Q: 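I'd like to ask you about the structure that follows.
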Amino acid sequence: MGGTAPDREVETDLFIDGHRCRSSNGNRYRLHNPARPDEIVGSAPAATAEDVDRAVKAAHAAFPDWSSRSYEERAALLRSVAAQLVADTEDIAFRSRLFCREHGKILKETMLEISRLDLRFRQSADYAERLSKDEVIAGPPFDTIVTRQPRGVAALIVPWNWPLSILGAKLPQALVAGNTVVVKPSRNAALAPSLTLSKIASLLPPGVVNFVTGAASEIGDPLVSHELVRYVNFTGSIDVGRHIMKLAADNITPVTLELGGNDPAIICHDAELNEAAFSRLYLGAFMSSGQVCMAIKRLFVHRSRYDETVDGMTRVCNTKTVGDGLLPETDIGPLNNAGQHRIVTDMIAQAKASGAELRECGEVPDMELYRKGYFQKPALVLDPEPDLDIVREEQFGPALPIIAFDSEDEVIAKANDSRFGLCSSVWTRDRDRAVALSRRLEAGYTYLNAHGPMAQDGRGPFGGFKQSGIGRNLGYEGVIQFQEYHSISGPEGWLL
Ligand code: NAD
């Protein structure tokens with residue numbers, strides 16, 4: 001299949017207790033292509049509270065067997081899932097193309113997301129040996145074994161922007177730790193994730209992996225507040241995260257929240273700014289049309305390097321082509337949905353109205369398509385006022401404010417002056433400066449001379465300070481959050 005040849009509409013199912021199924025009332029909803037909003041890409045079941053209840057009960061019933069298996073046994077199953085995920089290249093190509101059409105992001109990226117999910121399964125399986133070791137505290141006064149047990153049914157709630165990578169930061173970790181799960185993909189990117197999840201679920205014992213699709217207003221609250229759900233791992237917006245935390249409080253259900261970001265990138269006076277650096281800055285800010293939680297959302301530049309940075313960013317952005325993500329020449333696809341498009345274009349309009357200089361860059365080969373779809377060219381906003389939305393809020397789109405600073409103290413204060421604290425980056429030739437500045441940033445992750453998913457070390461914990469979240473996914477920490485500590489204690493000399 002090449003170019004923009006019409007693809008067939010895809011119908012997905014729910015997966016509960018080892019079976020593909022429809023929603024209890026048979027309702028479905030349609031997904032449209034954000035590049036061509038008239039085009040229907042397919043439909044997914046609109047699940048109900050009853051379906052959620054069935055899925056949670058299936059996961060609960062599967063828990064005793066799954067949790068009693070050894071770490072090695074579960075790890076072996078995860079490794080075989082990993083192998084199956086990449087075994088069929090034709091299927092990978094099909095799901096990547098479907099993902100591109102339902103989501104908008106370019107084919108190269110959907111391919112990357114789908115074809116690298118296996119890595120997260122293998123990484124999680126590799127923790128089996130470490131997980132199987134208890135900590136031992138010898139007396140006096142007591143001998144104690146500090147062990148960990150899986151929590152039970154985990155609800156995994158995933159946003160639309162990087163649905164498979166984010167699934168990969170929760171699902172294999174939950175499973176190797178011994179939990180069974182109910183996954184809720186986003187309504188706005190449900191088709192390729194559902195096909196992928198069906199594949200995974202059918203390779204595991206019935207009930208271990210279940211998923212439900214549909215409107216959050218129907219199935220979100222019933223899932224989070226279900227009394228058999230013992231843990232919620234959520235990625236999404238701050239507002240929904242806050243709502244989930246309140247709801248989970250009723251059953252004292254623990255939550256991990258991976259929320260929004262407004263990441264600062266700091267270009268120091270001694271940064272190496274060659275074309276490779278501008279390409280990395282471009283990727284850090286504009287990959288997935290800027291719809292990345294850990295994208296550069298504020299670019300702070302030492303005044304001595306400001307003009308050079310603006311010129312370099314303008315140059316690299318001008319080489320990019322905006323259009324349908326299925327076309328090989330496209331670098332920037334549409335935004336995922338009309339609401340997100342409006343948020344970004346409103347922020348740009350506000351910045352323009354305030355008098356900030358705006359540079360909209362890039363090539364648009366098909367203006368008619370551009371007008372119909374949810375497109376926005378990469379936009380640089382120069383020297384914006386500090387209280388503009390484009391500076392203070394999360395744009396989650398291809399628009400980047402570029403702000404000058406004079407001293408390190410000033411830029412640290414500005415970077416930290418935010419309710420967000422997800423990621424950040426420092427760009428300098430000086431290793432000691434890089435580490436010293438990083439330690440002063442209120443952020444869960446700092447990249448050096450790079451920023452974003454392509455620079456992420458998946459072996460380290462990932463998550464936010466302040467309103468960017470609670471808890472950590474990925475790394476060993478991302479696995480043990482799916483477990484409870486349990487101390488087993490006896491008289492000194494008797495237990496150990
Ligand atoms: P969202 O908060 O609207 O939705 C996230 C998920 O929550 C979706 O599956 C949605 O259906 C579900 N949901 C909504 N209401 C719910 C409810 N009442 N109960 C249970 N689930 C409910 O976010 P989005 O628009 O899908 O994603 C974009 C946001 O996600 C951005 O703010 C972005 O920064 C953030 N994000 C954060 C990270 C991170 O790791 N920190 C990663 C990716 C995206």
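Keep in mind that this is a model prediction, so the values were computed, not measured. Start at 1 and go down the list; that is how both ligands and their atoms are numbered.
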Q: So, do Arg30 and Glu9 sit near enough that their side-chain heavy atoms are less than 4.5 Å apart?
A: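 Contact flag for Arg30/Glu9 side chains = no.
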Q: Should the pair Phe375 and Tyr370 be assigned to parallel (<30°), tilted (30 to 60°) or perpendicular (>60°) ring geometry?
A: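 The rings of Phe375 and Tyr370 lie parallel, inter-plane angle below 30°.
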Q: Nearest 0.5 angstrom please: Ser418 OG to Lys297 NZ, how far?
A: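 The distance works out to 10.5 Å.
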Q: Between Val255 and Ile244, which heavy-atom pair has the shortest distance, and what is it?
A: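 Taking every non-hydrogen atom into account, CG1-CG2, 4.3 Å.
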Q: Are there any N/O pairs under 3.5 Å between ligand 1 and the protein, and if so, what are their distances?
A:
from     : atom 1 : to     : atom 2 : distance (Å)
ligand 1 : 2 (O)  : Ser237 : N      : 2.8
ligand 1 : 2 (O)  : Ser237 : OG     : 2.6
ligand 1 : 9 (O)  : Val158 : O      : 2.7
ligand 1 : 9 (O)  : Lys184 : NZ     : 3.1
ligand 1 : 11 (O) : Lys184 : NZ     : 2.8
ligand 1 : 18 (N) : Asp221 : OD1    : 2.9
ligand 1 : 18 (N) : His243 : NE2    : 3.4
ligand 1 : 23 (O) : Ser237 : N      : 3.4
ligand 1 : 25 (O) : Trp160 : NE1    : 2.9
ligand 1 : 26 (O) : Trp160 : N      : 3.4
ligand 1 : 26 (O) : Trp160 : NE1    : 3.3
ligand 1 : 30 (O) : Gly236 : O      : 3.3
ligand 1 : 32 (O) : Glu394 : OE1    : 2.8
ligand 1 : 34 (O) : Glu394 : OE1    : 3.2
ligand 1 : 34 (O) : Glu394 : OE2    : 2.6
ligand 1 : 41 (N) : Leu259 : N      : 3.3
ligand 1 : 41 (N) : Leu259 : O      : 2.6

Q: To the nearest 0.5 Å, what is the distance between CG (Asn179) and CZ (Phe63)?
A: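 The CZ atom of Phe63 is 6.0 Å from CG of Asn179, to the nearest 0.5 Å.
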Q: Ignoring hydrogens and geometry, is there a side-chain-to-backbone donor-acceptor pair from Lys105 to Pro334 under 3.5 Å?
A: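 Side chain of Lys105 to backbone of Pro334: no pair is present.
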